S.K.: 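My questions all concern the structure below.
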Amino acid sequence: MNKYITASNQQNDALFVLIKSLTKSEKRQFNLYVGRLDGNMDAKFFALFKFLDKQKKYNEKEILKNGIVSKQQLSNLKAHLYRQILISLRLSPAHKNIRIQIREQLDFATVLYQKGLYKQSLKLLEKAKNNALDNEEKNIAYEIVELEKVVESQYITRSIDTRADELSIQAKNLSQLNVLTSKLSNLSLQLYGILLKTGYARNDSELEKINSYFNGRLPKYKFQELGFREKLWLYKAHLWHSILTQNFVQSYKYANKWVELFKTNPKNISVHPVFYLKGKNYLLESLFFVKHISKFKEVLTSFEKEIESNSITKNNNTEILIFQYLYANKLHFHFLEGSFEEGEYLVNIIEDKIKLYQSRLDNHHIVILYYKIACLYFGMSKNKECIHYLSKIINSKKLHVAEDLQCFARILSLISHYESGLDYHLERQFKDTYRFLLKMENLQAVQKVFLESIKKLSDVYPHEIKKEFKKIHSKLKVFEDHPYEKRAFLYLDILSWLESKIENKTVAQIITEKSKDFY
């Protein structure tokens, strides 16, 4: 057990992970930063940095063996190096975002105040406050106003006799907006927590409970008084509520408001690129759910152009998100059109990027991409390739997957084994799938009906198979627009598969024909 813990700690050593995340330019910046510190080029922390930079895996024994530092001093030296790297990164122009710049001005003003240079401090605080308000950094703006009040109490210019009242009113307004934002962000986070814990509303009782929770915690506000930040969190809260209640038209409405908010405040795209990317992704996802193909294509094309023109800030965070969102939605487009074969080129690109970003990609998102690739191959009738990607989800012990995704991976695997004529494997698949489903709580009606129906196929005579497929299709068709069951068809288009068997066509042909109704 201790050996396992040690190995785990070695792979997740914070300092080692930080060093390995550095780009070439950031390492060069660190070398320059250390060089400016007199006498530090030979310092122990810099020697440790160079040693760890060369290591492929964190190995504490090798560090001690190298003689850089004693075992007793290693912890302190690592902490010192970690801090020096962060200072270097903070000084780097690439990381000089608006929040850091404002906080730097606040720090400088604090130093000036402590030196008794009140007038200079107030001048810098006014500049920092305007900068903060212009960029919707109202938490920092409130801190600045509070410091202004302290400085003004020490240095009274008498030039403005209403100064104290102005600062008091400004502090009160900022405080109220910050409280509103806090309530909205809390609500958004709590709704996301409900989604992770209990999932989507599955019946009227759960729907009523979610609606009551949302309406009871949505704070009162006057829309005309809201700024960019408050509107953003308001739209986020509404979006999560619509996703939980499976109201995808509402999801589109609020995701669109989210993106349009950035379009009307374009400078915030570079200030908050992560929020912008998430908004774009939710917009595309909601369009996928409502099958609005022409609008989906328009938004996806626009998104690609933004990426190609570098109009979205590139950093470690956004690079990963761009990969996830762009390629997941590229796959979605081929699912909507039924052009599965045209999308096969994406598989190698996605696989290469998963390898490239593996240390920074969480397992959940890797699994989702595997499932989407499996669906792509299923649409191409390449069932063995489909089974290969599904097995990565079903058999892996390391990947933590949502139960519903695991369930649909197993059902799709079952269908793919059936299509491949792997009868021996099919019997085993049935047993494994049922065993898994027995452990699941709140199994959807669609899943139950489908599994009960498809199990009977093995006893049906060949000349009656089409008739049996029609029966299964009729049973499932009633759930297509069901408010709580329709989500099952977003994971797996069982109806199109059944229609392909009934009409002797490919799944791709069926979906392509259907897609004409959604342009």
Side-chain angles (χ1 to χ4, degrees), residues 18 25-26 28-41 43 45-46 76 79-182 185 227-230 265 267-268 270-274 313 315:
L18 177 61
S25 63
E26 287 169 343
R28 188 162 53 248
Q29 164 81 15
F30 185 65
N31 283 324
L32 292 169
Y33 166 73
V34 174
R36 290 199 296 269
L37 302 175
D38 190 36
N40 272 296
M41 286 306 286
F45 80 85
F46 191 60
N76 287 337
H80 180 62
L81 174 56
Y82 192 90
R83 184 171 182 274
Q84 294 302 320
I85 293 172
L86 289 180
I87 292 170
S88 172
L89 288 172
R90 188 177 185 275
L91 294 170
S92 171
H95 298 282
K96 280 275 187 181
N97 64 32
I98 194 66
R99 185 173 292 141
I100 288 176
Q101 290 173 17
I102 297 167
R103 287 216 167 270
E104 191 176 66
Q105 290 176 319
L106 178 56
D107 290 344
F108 291 160
T110 302
V111 170
L112 291 169
Y113 163 66
Q114 288 172 341
K115 286 186 65 64
L117 300 172
Y118 303 137
K119 192 173 181 180
Q120 291 182 40
S121 177
L122 286 169
K123 187 176 180 180
L124 195 53
L125 285 171
E126 182 69 21
K127 182 180 177 183
K129 181 174 65 179
N130 290 335
N131 202 4
L133 292 172
D134 287 344
N135 290 282
E136 292 288 327
E137 294 291 345
K138 290 170 186 169
N139 281 314
I140 306 175
Y142 179 75
E143 286 183 53
I144 293 169
V145 172
E146 287 299 303
L147 183 55
E148 279 187 296
K149 286 157 66 178
V150 172
V151 179
E152 285 284 1
S153 69
Q154 300 291 320
Y155 175 74
I156 306 299
T157 61
R158 299 184 188 278
S159 58
I160 306 177
D161 56 7
T162 58
R163 182 67 172 156
D165 289 338
E166 285 180 4
L167 288 175
S168 297
I169 292 167
Q170 196 168 40
K172 181 183 176 182
N173 291 339
L174 284 169
S175 177
Q176 288 173 341
L177 286 171
N178 286 335
V179 168
L180 176 62
T181 300
S182 180
S185 62
F228 172 87
R229 185 187 59 159
E230 294 78 41
N265 299 269
K267 68 175 183 180
N268 284 322
S270 59
V271 177
H272 303 290
V274 169
T313 304
N315 57 41

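Just so it is clear, the structure is predicted and the values come from calculations on it, not from any experiment. No hydrogens, no waters, no symmetry mates; every other heavy atom, side chains included, goes into these values.
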S.K.: Just jot down the salt bridge (Lys or Arg N to Asp or Glu O under 4.0 Å) partners of Arg99, sequence neighbours excluded, or say none.
M.R.: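 Expected list: Glu137.
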S.K.: Find out whether Val150 and Tyr113 are in side-chain contact, i.e. whether some heavy atom of one side chain is under 4.5 Å from a heavy atom of the other.
M.R.: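 In short, these two side chains touch, coming nearer than 4.5 Å.
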S.K.: Could I get the full list of ring pair (Phe, Tyr, Trp, His ring centres under 6.0 Å) partners for Tyr142, not counting sequence neighbours?
M.R.: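 Counting only residues at least two positions away or on another chain, Tyr142 forms no ring pair (Phe, Tyr, Trp, His ring centres under 6.0 Å).
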S.K.: Testing the basics here: between Pro273 and Ser270, what is the closest heavy-atom pair and its distance to 0.1 Å?
M.R.: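 Looks like CD-O, 3.4 Å.
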S.K.: Please check this pair: side chain of Asn131 against backbone of Lys127, looking for a donor-acceptor N/O pair closer than 3.5 Å.
M.R.: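 No, Asn131 side chain to Lys127 backbone: no donor-acceptor pair under 3.5 Å.
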S.K.: What residues form a side chain to side chain contact (heavy atoms under 4.5 Å, CB included) with Gln176, not counting sequence neighbours?
M.R.: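 If we apply the side chain to side chain contact (heavy atoms under 4.5 Å, CB included) test to Gln176, skipping adjacent residues, the hits are Lys172, Asn173.
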S.K.: Return the set of residues passing side-chain hydrogen bond (donor to acceptor under 3.5 Å, both in side chains) with Asn265 (not counting sequence neighbours), or none when no residue passes.
M.R.: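 Asn265 satisfies side-chain hydrogen bond (donor to acceptor under 3.5 Å, both in side chains) with no other residue.
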S.K.: Looking only at heavy atoms, what is the nearest atom pair of Val151 and Ser121, with distance?
M.R.: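 Closest approach of Val151 to Ser121, heavy atoms only: CG2-OG, 4.0 Å.
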S.K.: Under the rule for side chain to side chain contact (heavy atoms under 4.5 Å, CB included), what residues qualify as partners of Ala141, not counting sequence neighbours?
M.R.: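 Partners of Ala141 by the side chain to side chain contact (heavy atoms under 4.5 Å, CB included) criterion, ordered by chain and then number, come out as Ala132, Leu133, Leu174.
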S.K.: Could you work out, with side chain to side chain contact (heavy atoms under 4.5 Å, CB included) as the rule, every residue matching Ser185, not counting sequence neighbours?
M.R.: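 Checked Ser185 against side chain to side chain contact (heavy atoms under 4.5 Å, CB included); matches are Trp233.
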S.K.: State which residues pass side-chain hydrogen bond (donor to acceptor under 3.5 Å, both in side chains) with Ser182; sequence neighbours excluded, sorted by chain then number.
M.R.: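 Counting only residues at least two positions away or on another chain, Ser182 forms no side-chain hydrogen bond (donor to acceptor under 3.5 Å, both in side chains).
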S.K.: At what distance, to the nearest 0.5 angstrom, does CD1 of Ile100 lie from CG of Asp107?
M.R.: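 It comes to 11.0 Å.
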S.K.: Could you work out, with side chain to side chain contact (heavy atoms under 4.5 Å, CB included) as the rule, every residue matching Lys149, not counting sequence neighbours?
M.R.: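 Applying side chain to side chain contact (heavy atoms under 4.5 Å, CB included) to Lys149 gives Val145, Glu146, Leu167, Ala171.
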S.K.: For atom NZ of Lys267, is the number of surrounding heavy atoms from other residues, nucleotides or ligands below 6.0 Å larger than 12?
M.R.: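 Check passes, neighbour count above 12.
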S.K.: Enumerate, atom names and distances included, each donor-acceptor pair closer than 3.5 Å involving a side-chain atom of residues 81-88, sequence neighbours excluded.
M.R.:
from: Gln84; atom 1: OE1; to: Tyr33; atom 2: OH; distance (Å): 2.5

S.K.: Please work out whether the ring planes of Phe46 and Phe30 are parallel, tilted or perpendicular, with thresholds of 30° and 60°.
M.R.: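 Phe46 and Phe30: tilted rings.
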S.K.: Kindly compute the distance separating CG (Leu32) from CG (Leu91), expressed to the nearest 0.5 Å.
M.R.: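 Output value for this atom pair is 11.5 Å.
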S.K.: Taking only residues two or more places apart in sequence, or in another chain, which ones meet Glu230 in a side-chain hydrogen bond (donor to acceptor under 3.5 Å, both in side chains)?
M.R.: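 If we apply the side-chain hydrogen bond (donor to acceptor under 3.5 Å, both in side chains) test to Glu230, skipping adjacent residues, the hits are Lys138, Thr181.
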S.K.: Any side-chain heavy atom of Ile102 sitting closer than 4.5 Å to one from Leu106?
M.R.: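 Answer no - side chains too far apart.
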S.K.: Considering all heavy atoms of both residues, which atom of Leu122 and which atom of Glu148 are nearest to each other, and what is their separation?
M.R.: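 For Leu122 versus Glu148, the nearest heavy atoms are CD2-O, 4.1 Å.
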S.K.: Do Leu147 and Glu143 come within less than 4.5 Å of each other through their side chains, counting heavy atoms only?
M.R.: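 No, every pair of side-chain atoms sits at 4.5 Å or beyond.
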S.K.: Report the distance from atom CG of Leu124 to atom CG of Leu117, rounding to the nearest 0.5 Å.
M.R.: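 It comes to 11.5 Å.
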S.K.: Just checking, any donor-acceptor pair under 3.5 angstrom between side chains of Arg229 and Asn178?
M.R.: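 Side chains of Arg229 and Asn178: pair found under 3.5 Å.
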S.K.: Could you tell me which residues satisfy side-chain hydrogen bond (donor to acceptor under 3.5 Å, both in side chains) with Gln170, sequence neighbours excluded, listed by chain and number?
M.R.: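 Gln170: side-chain hydrogen bond (donor to acceptor under 3.5 Å, both in side chains) contacts with Lys129.
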S.K.: Report yes if the side chains of Gln105 and Ile144 come closer than 4.5 Å at any heavy-atom pair, otherwise no.
M.R.: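 No - every pair of side-chain heavy atoms lies 4.5 Å or more apart.
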